[in-house]
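Some notes on the structure that comes next.
Computed from a predicted structure; not experimentally measured.
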Amino acid sequence: MKEDRSQLFGVMGEFATPEHILSAAKQARAAGYKHITAYTPFPVEGLAHAIGFHWTAVPLLTLIGGLGGGLTGFGLQYWVAAITYPMNIGGRPLNSWPAFIPVTFELTVLGASIFAVVGMLALNKLPQPYHPVFNVERFARASTDRFFLCIEARDPKFDLAETSRFLQSVAAEHVSEVKDEG
Amino acid sequence: MAQIFHRSANFLARFSLLGAVVLGGLALTAVLVVARSPYITNERVSRNQPIQFSHKHHVGDEGIDCRYCHTSVESSAYAGIPPTRTCMNCHSVLFNNVGYLEPVRESYRTDQSIEWVKVHRLADYVYFNHSIHINKGIGCSSCHGSINQMPLVFQASPLTMSWCLDCHRNPQPNLRPRDQIFNMDWKAPADQEEAGKQLAAEYKLRTTTELTSCSTCHR
Amino acid sequence: MSVTQPPLNAPEIRRLDPVLQPGHTYASVTDKIAAVVLTRPLGIGWLAGFTLTFSLVMLLFGSLAWLIVKGVGIWGINIPIGWGFAIVNFVWWIGIGHAGTLISAILFLLNQKWRTSINRFAEAMTLFAVACAGIFPLIHTGRPWMAYYMFPYPSTMGVWPQFRSPLIWDVFAVSTYGTVSLMFWFVGLLPDLATLRDRAKNRFQQLIYGALAMGWRGSAHHWHRYQSAYLLLAGLATPLVLSVHTVVSFDFAVAIVPGWHTTIFPPYFVAGAIYSGFAMVLTLAIPLRKVYGLEDFITMRHLDNMAKVMLATGLIVAYGYFVEFFMAFYSGNKFDVFLAQQRLHGPYAPYYYALILCNILTPQLLWFEKVRRNVAALFVMSLVINVGMWLERFVIVVISLTRDFVPSAWGRYQPTFWDFSTFIGTLGLFVMLIFLFVRGLPAIAIAEMRELVAHESHAGGDSK
Amino acid sequence: MDAMSEHAKDKELRILQGAPQAASASGNHGDHEHEDHAEEDTLRDFTLDLATVREKLKEKSGKQYWRTLEELAGDPHFQDLLHREFPRHASEWDDAVDRRDFLKLMGASLAFAGLAGCGRPDESHIVPYVKQPDGMVLGKPNFYATAVPLGADAVGVLVESHEGRPTKIEGNPDHPSSLGSTDALVQASILNLYDPDRAPTVLENGEIRSWSAFLDAAQGLATAMKAQNGAGFRILTGTVTSPTLAWQLRKILAQYPLAKWHQWEPAAGEGAREGAKLAFGRIVNTVYAPGKANVILSLDSDFLASGPGHIAYAKQFARRRKLDGPNDTLNRLYVVEPTPSVTGSSADHRLPLRAGEIELFARALAGKLGLCSPVPLSGEAANWLDGVAKDLQKERGASLVVAGEYQPAAVHALAHAINATLGNVGTTLYYTDPVEAEPTNNLESLRELCADMDAGKVDLLLILGGNPLYDAPHDFDFTSKLKRVPTAIHLSPYYDETSVYCHWHVSESHYLETWSDARAYDGTATIIQPLIAPLYYSRSAHDVVAAFSDKPGLPAYDAVRAYWTEASARLDTSVEAGWRKWLNDGVVHGTKFAPIKPELKFSAISLPVFQPAPADQIEFIFRPDPNVYDGRFANNGWLQELPKPVTKLTWDNALLVSPKLAQKLELAHKIASRGGEHGQVRSTVVDVDLNGSKVTAAAWTLPGQAENSVVLPLGYGRTLAGSTGSNKGFNAYAVRTSNALWTASDGKITPTGDDYPLACTQYHFNMEGRQILSTGTLAEYRKNPAFAHEGGEAPAKDNSLYKEFEYKGYAWGMAIDLNKCNGCNACVVACQAENNIPVVGKDQVMRGREMHWIRIDRYYANSESATSGKATGDPAEYNPSLDNPQTFFQPVPCQQCENAPCEQVCPVGATVHSAEGLNDMVYNRCIGTRYCSNNCPYKVRRFNFLRFQDWDTPQLKLLRNPEVSVRSRGVMEKCTYCVQRINNGRIEAEKQSRPIRDGEIVTACESACPSEAIVFGNANDPNSRVAKLKAQQRNYSLLGELNARPRTTYLAAVRNPNAELEKA
C-alpha cells in the first residue's frame, strides 16, 4: 500500500435543492471565499452571480464571428463577380449586390454561430474529460438531482478543517474532500 | 464516482480536436497545390522520344528556323509535326548512315510513321490556334520556352487555364515585334511596358473582355 | 381538471393540460428518459422497424449507384420539365427540416415552456431531414462528380461560382443551416450526455458518452456561458430558419417561369415549411410517446399546441394559394392567367384538387377541440398534411414547367421507378436515423426537464 | 468513367488519325497523322489489337466485314494472288495497309471508350505523315466539289474534308440544282457513308468473296451470255442520269444484242413522262422558273420541297417572297392538293381536294380558259376556281401551272396546254430533252421484266441499286419471280431485302467513295469525285457493269474519263483542258440542255370523259416519305429522328387522315403522360384492306388533309434496312399494286382497338394568343407595316435600373424571315451535321429528349383552341378550323438573348455572355442542373440525359466535326450561332487585320436554307444584311414582352391572298 501522493483540490458540500446551494454560495462569498464553484444538474438562476461570476466574452466573440463571416461573404462575391473575372451574366451588372445578399447573410450567421459555440467550449475549457471533482463518488448525482458547492484549496482563506466546518454550517448534507491524483 | 478518464485525456482531447481541424486544412491545401504541380500539369517533364531528336542541336546550333519543320504554324491552328520526308531532306545526305537515325530511314522506307511522344497536352476542350498567336506578336518561346536550349523538349509552361488567362488579360508584356516571333532568345526590352502598348495598338489586339470571353477558346 | 393541476400563472391557459404531469422529481424525469437509452432492451418492434428502414436505405444506395452509372435520364425528367422528383423531394425535406430549429429557437426566444419536451427530437428530425434533403441537390445534377464547381475554391482554371444563381444561395443556405442545426443540437445535448456518462451502466457507454460530454460538469461558470451561447444561437437560428426556405423559394421566385415567378413565395414557403415540419413532428411524437411511455412529458398540451400551429400556418399557406390566383388575374399577365386555368382544368388538375383537400380543407377540422385532442385523428391528419405538402411542391415544380411560354415546347412528366425508389429510399434513411437516435440519445432534453420540474414545483409551492 | 477525358479524345480526332486516305482531287495518296491515346498499344501488338477490335465490333455490326478483313486484308497469299491476277490493281490493293491503319484508329478509339482514365492522362503519341500531301494544311479543312445523285436530279455540293474525312456537305453556288443551298436529304446523305450497317463486301450466297472472285464469275457469266447473244441477260436500274453509266450500259447492250435494260424507280411518277407524250407526242423535261411567275398554281405539286430542281425552285420562289417595304409586291401561290405538303403550307390559298379530283379541277380550269367545254365544280372549289382562273389570266406570261409528280398523264397534259395558252412557255417554264439517260415507263418496264422472269426467260439479272423486292408493286410478286432467275446479282449499299434472294451481292460505294457523274434537272452534268477511299470493300455501278464488258475491272475513274473524253468533243473542249476546272467548279460547263420548243399536239377536248369517284368514297394515296423517301434512307438516323415537316412525327410513318374522317371512324389521339405533347402521342391502330392485301398502321389525324383522302407514306416497314431502319412504321408497298400505284380506292379502314405510341415532337399547334408567330396579309401589312408589334412588345431599352452592357465590336445577330421559311428541315439536319448532334432514338424522343439545336415549330394560325377549352390543341377534338388551317413554320434556334434568363441562374457560370453578344455555352464547365433550360422561355436548350453520343462506333468518329466539342452525358448543349465558324472567320480576318466582311461567316442553318430565310451577321454594322432586316418594321422578337432581348429576331410572315377569294 503506497502512500497517497495526491494533493488536495478542495472540499465539496452537497445540497438537495437550488435554494439551499444558492444561499450557501451567498454565505461562502460573504465569508470571504474567492475560489468557489457550484455544480448543478441544471442552470440555477443567480448562482453564477452568487459566486461572483458576471461577465462572459461569448457575445463579443459571436459579434466578431458574425461580422467576419458577413464581410468575407460579400467580399468574396464582389471580388469574384466584379474584379477577378468580370463576366456579362445575362446583362446583369457586375456588382449585382442584391443577388449577393443571401450568401452574405448565410455566412454571417455561420460565422457567428461557430464563434458562439467554439467560444463557449473554449472559455469553459472543454473538452476536459478529466477533472478532480469527478473523483468524488457522490458527484455522479451532480448531473441528476444533487447540487454541489466546491471551495478550492488554492483559496487563500482555505483550511481543510475550517472550510469543511463552514460548509456543514451552511447545511450541506455531505461534505467531502476533493482529491487530485498526481 | 470514479474518474473515467486519465488526466492525460484532457490534453489528448484538445489536441486531437485541434489536430483534426489543422489536418483538414492541410489536406485541402495539398489538393490545390498538387493540381498546380508538374505531376498534373506535366510542366518541365521531358519525354523519351523514339529518336533522340535535339532541338538544341537543330535550332540552337544549326539555327534552323522553326517554320522549316512546323510549316503550318503561321497559317493553321496546328503548328504541324514534320513528315519523315522533311527529315530526309537533309539526312539523306547528312549522317545518312549513322545508327541512331535508322528509325527515320526505316520510316521513309517502309512508309510507316514515326511515333513521337506528345509533350504539350492542352487542357481538354480548349481550341488553341497557333496562327493567330503568331500573327498577333506572341513568340514561340513565350509559351514553349527556350526550345533552342532543350536537348529533349519539355513543356515549359503549366498550360493551365489561369495561365492562359494571365496573358489574355494582359498580353502587353509578351508582345514582340513581328521579326522577333521566332527568336528563341528574345528577352523583353527595358521599355517593354511602352513597346507593349504600341504593339498592342499596331496588332489591333482585341479588348480584354473579348479575349476572356468563354467562346474565344471554348466551343 | 383536477385540483392537483398546478395553476400556471398565465390565466388563459389555465384550463389546459400541464406541459408536465405533476409528481415528477429531478430524479424521476432523469431516470425515465435516460432509461430509454441506457437500460431498456431492444424491442422486437425496434428491430423490425430498423431492418425495414435499413433495407430501404439499401434501395436508396442502389438507386443512386444506377443513377451514377446511367445518368439522370433514368428519371422521368425531360425538356421542358427539367426538374422532377429530385427537386420536389429536396424542397419537401428541407421544409420538414424547419420545425426542429423553429421549436428550439423561436419558441425558446418566446419562452414557451411547452417546447421543452419536444425540442430535442424535433431538432434531431431537422438534422435528418436536412441530411435527406442535402442528397438531392447533389445527385440531381447531370455530372455529380463535377458538383464541386459550385463551391468557391481557387481552381487552376481561374473561374468561380456564379453567385447570382439561387442554386449557389441554396448551397450556402443549406450547408449553413445544417451546420448551425448540428451545433445547436449538440450544445443542447451536452448536459444530457454528461448525465448519461454519469449514469452509464458499463465502461463502453461511459467512454462514448464521456467523450461526447467533453467533461461537462455543470459548473455555474459553464452554465452561465452555456446559456449565453444557447440564447445567441437561438437568436441566430431564428432568422436563419426563415432565410433557408426563403432562399429555397428563390429557386423558383427568381426564375421567370409562370407559376414560379411570384413575390408571395418566400413567406408562403416558410409557412408551408413550418406547416409540414409540425406535421412531421406529430407523426413522430405520437408513436414515440406511446412506445416509450413518455405521455407524462409529451402531454396533450403539446399535441394541442402543435395542432394549433398547424392550423395557423395552414391558413397562411391557403392564403398563399389564393394570392397566386389573385395576382394572376389582377396582374392580367397572360401566362400567369393561363397557368391558373391550367391548375384548375389542365391535365394535372387532379393533383391540384388533391393538394387543396390535403392542405386546406382537412386542417380546418383542427378548429374543433375534439379533433385536436384525438391522438389518432391528429396522427392521420399529420400524415395527410405531409402528403399534401409534397403535392404542393410537385404542383409548383413540375406542373408549372409543363406549359410555359412557347406552346410548341409543352410537354408532360411521368416519374419512373427510379424516381420513386430514390424518394422512398430517403424516407427509409430518415426513419432509420430516427430509430438510431431514440436508442442512442435522450429523445427529450433531460436538463431542461429538470429545469421544468424546478419551475413547476416552485409554482406548486406558491399554490400551497 | 470520366466523360471529360472522353471528350478530349474526341476532340483529338481533329488531327486525324488513320482515316482511309482521301483520293482527293489533287490526286494525292496522302498518308495521315494520328494523334491517339491508346495508339501505342495498337502498334506494339497489332494482332492482339485487331482481335480486340474484331471482338468489340462483332456486337456492333457487320460481322462479315471483320471476317473479311481477316481473310482479305490480312492474308498475304490473297494479296499475291491479286497482284498476279490483276497487276493493274496492285496499287489499289495497297490501301489494304490503310485499312489496317483504319483498324488501328478503331482499336484506339475503342480503347478510349474503355480506358478513359480519370485524373492524369498517360503518354499519348503524335504520328505524323511520312510524306505529307501537297496542298494539305493540317487543321484546315479542304472543300471538294461533287454531286449528290437522287432520282432524275443531282444536287451539286461542296464537301468539307478534314484530313481526308468528309464531315459536312454544303451547297455549290455554281450548280443549278443547288445555287449554294441543300436540303435535308442531301445534308443527311453523308451519314450513309459512315453507316456501320453498310454491306461490307462481296457475297455469294451469303459467303464472303473477293472482288476478283466476282470478276471471275462475272466473266464466266459474260461468256455464257455472249454465246446466246445476251438473250436472258437483264439489267434493272433505277432512274439513270449518269452519262457514263448510261454510256457503259449502252455498250453492254451493244455487245449483248438481246439483253434488255429495265428501270424501276418506286417513288417517281409516270405522269410527267406520259403527260408529255400525250401533249407533245414525245417525252420532254420541264424546267420551271417560279421566280418569274407572279401567280403560281400547283396541281398537287410539292415543287418547293421534292422532285427535280426543288432546291433551286424554292430559292427562286422565296426571292419573290422578299418584302422590304409596304411598296414591295409578292407573288401568289395557289395550291390544290390532297395532303398538306411543304408547298401547300406556304401557299396563299390552299384547297384540299382528293388526289382523284385534281384532274377534274384541272379540266375545269382548262374549261374556264376556253380549252374545252366548261366543267362544273361544286362547293368551295367552284368559286376558288373563278379566282384562280382570273388571276392566271391577269398574269399571262407571268403565271405558272405546275402539275404534281403523282398526278396522272391527263393533268400534266392539261398543265402543258394551260401554260401554253397563258403564254408561259419560254417565260416561266421551258422544255428540254429528258434528263434521264433512258426515259421509259418504269411500271411497264418492270412489268415486262417480271413477265419474262415468270416465263423463265431471264438467266442473268443484274440489279444495279434499288430494292425491288421491297418496293415493287406487290401484285408483281417480285420475290417468287426472282426465285426463278438462275443468277441474280445485286449491287446495293446494304444487304437488304432484295440481296437476300440474289446469288451475288456487291456492296455499293457511297457517292463520296467513287468516281461517277450525274445530270441536274436542267441537264447540267457534274463529275462525282471521291473524297475518301471506300470504307468497306464496296464497288460502284460502273465497276459492276464493266465486269460484264470486255474491260473487266476497269476502274470507275477510267470509265468516267473515257466517257468524257468522247463527250468533250461535243463540248468543244478536251478532257485534259476541262477536267480540273470541271472538278473544281463542280459542273461540266456547257452541258446544260438547250431549251426546245416541242409542238403541242393536244387538246383538252380529246380527253375521255372523266368521272371522279363519289365524294364519300375514301381514296388511298401513296406518297414517298419526306424523310426516308422511298425507303433508301431508312437506316439514316438523322432523317429518322428528323420531325417530318408537317406532321412532326419521327421514327415512324402513319396513315394520314383528315380530322373529319377521323371523327367518323372514331380514330383518337391520346397524349401520353410520358413526354406528352412534346414527345409521345398514342394513336389508334387501324387495318387497311386495299387491293386484296392488308396492312396495319397507326392512324394520324392531320389538319388540312382532304376529307375523304388518306395517305400511306412509303419507305417504312423495312425488314432489312439495318439496325436503325428495320421494323419502323408500316410498309405501304404491301398494299400498293400496279393498277393503283399512286391513288387507290375501294379500300377499307377498320380500327383494331389497340393504339400505338408515335414520337411526335410538336403536338400542340395553337399559339394560345401569344406573340409567337406574327402573321398578316399583304393588305394588312400595307395598312399597318408594324402589325407584328401589336400584342406584347419589348420594353424600351432605357427603362432598366442598371446600365446596359455595350457591345462595341461585333454584335452577332440573326434574322429569320418567316415569309420565306417553308419548313423544309434543311437547317435542322445541317445543324445536326455541323455540331455533332447525337441521335437519341424513338424511345428518348417519346420522352421529350430529342437534341436538335434548331427546331421548326408548326402552327395553325387560324385554328381555334380545342372546344373543351383545355387548350390541348388536340385535332382529335374536331373543330372546323382544322379542315384547312393556315400553316406557318417557325425555325427556333437559341435566341441568344442579351438579358439571357438562362445565364443568371447557372450556378457555375457555364453559360455566360461573350463580348460579342453570344450566349456562350461552356460544356466543360456545365454540371447539368438543367436550371437554365427551365428558365429558358424558348426551350431551345438540349440536355444529354443519358450518354447519347456514340463513343464506340469508329465509323461515326470519322464523321464528327473536329471544330466542335462532343458533349458528354449530363451536359446541357444548345445552338451557339456556330461559334466555331465565327471564331475561324474572325481569326482569318484578324490575321489580315481587317474587319469581318458581311456574309463571310455563315451559320450551318443559313448556308443550308434553300429559301434564304435565315440571315446571320453583325447587327452593329448598319450595312449588313442582318441589320437591314432587323431595321424592317416586320422585325419582331419572340415573346418580346419578356424583355430577354433576343439577338435572333423574326420577320413577320405576310401572305398575299386573293381579295376576291377572301370575300367569297
Worksheet entry | D/E898, part contacting chain A, at a heavy-atom distance under 4.5 Å | backbone

Worksheet item: Under 30°, 30 to 60°, or over 60°: which ring-plane class applies to D/Y810 and D/W812, parallel, tilted or perpendicular?
Response: parallel

Worksheet item: Using the ring of each side chain (for Trp, its six-membered ring), is A/F134 parallel, tilted or perpendicular to A/H131, with breaks at 30° and 60°?
Response: perpendicular

Item to complete: In plain terms, say whether A/R154 and A/E152 are close enough for a salt bridge, that is, a side-chain N and a carboxylate O under 4.0 Å apart.
Response: yes

Worksheet item: Among A/S96, A/G90, A/P93, A/G91, which has the most heavy-atom pairs under 4.5 Å with chain D?
Response: A/G90

Item to complete: Examine distances only and state if a side-chain atom of D/R942 and a backbone atom of D/H852 form a donor-acceptor pair shorter than 3.5 Å.
Response: yes

Practice prompt. With a 4.5 Å cut-off on heavy-atom pairs, point out which of D/C897, D/A900, D/A1044 contacts chain A the most.
Written response: D/A900

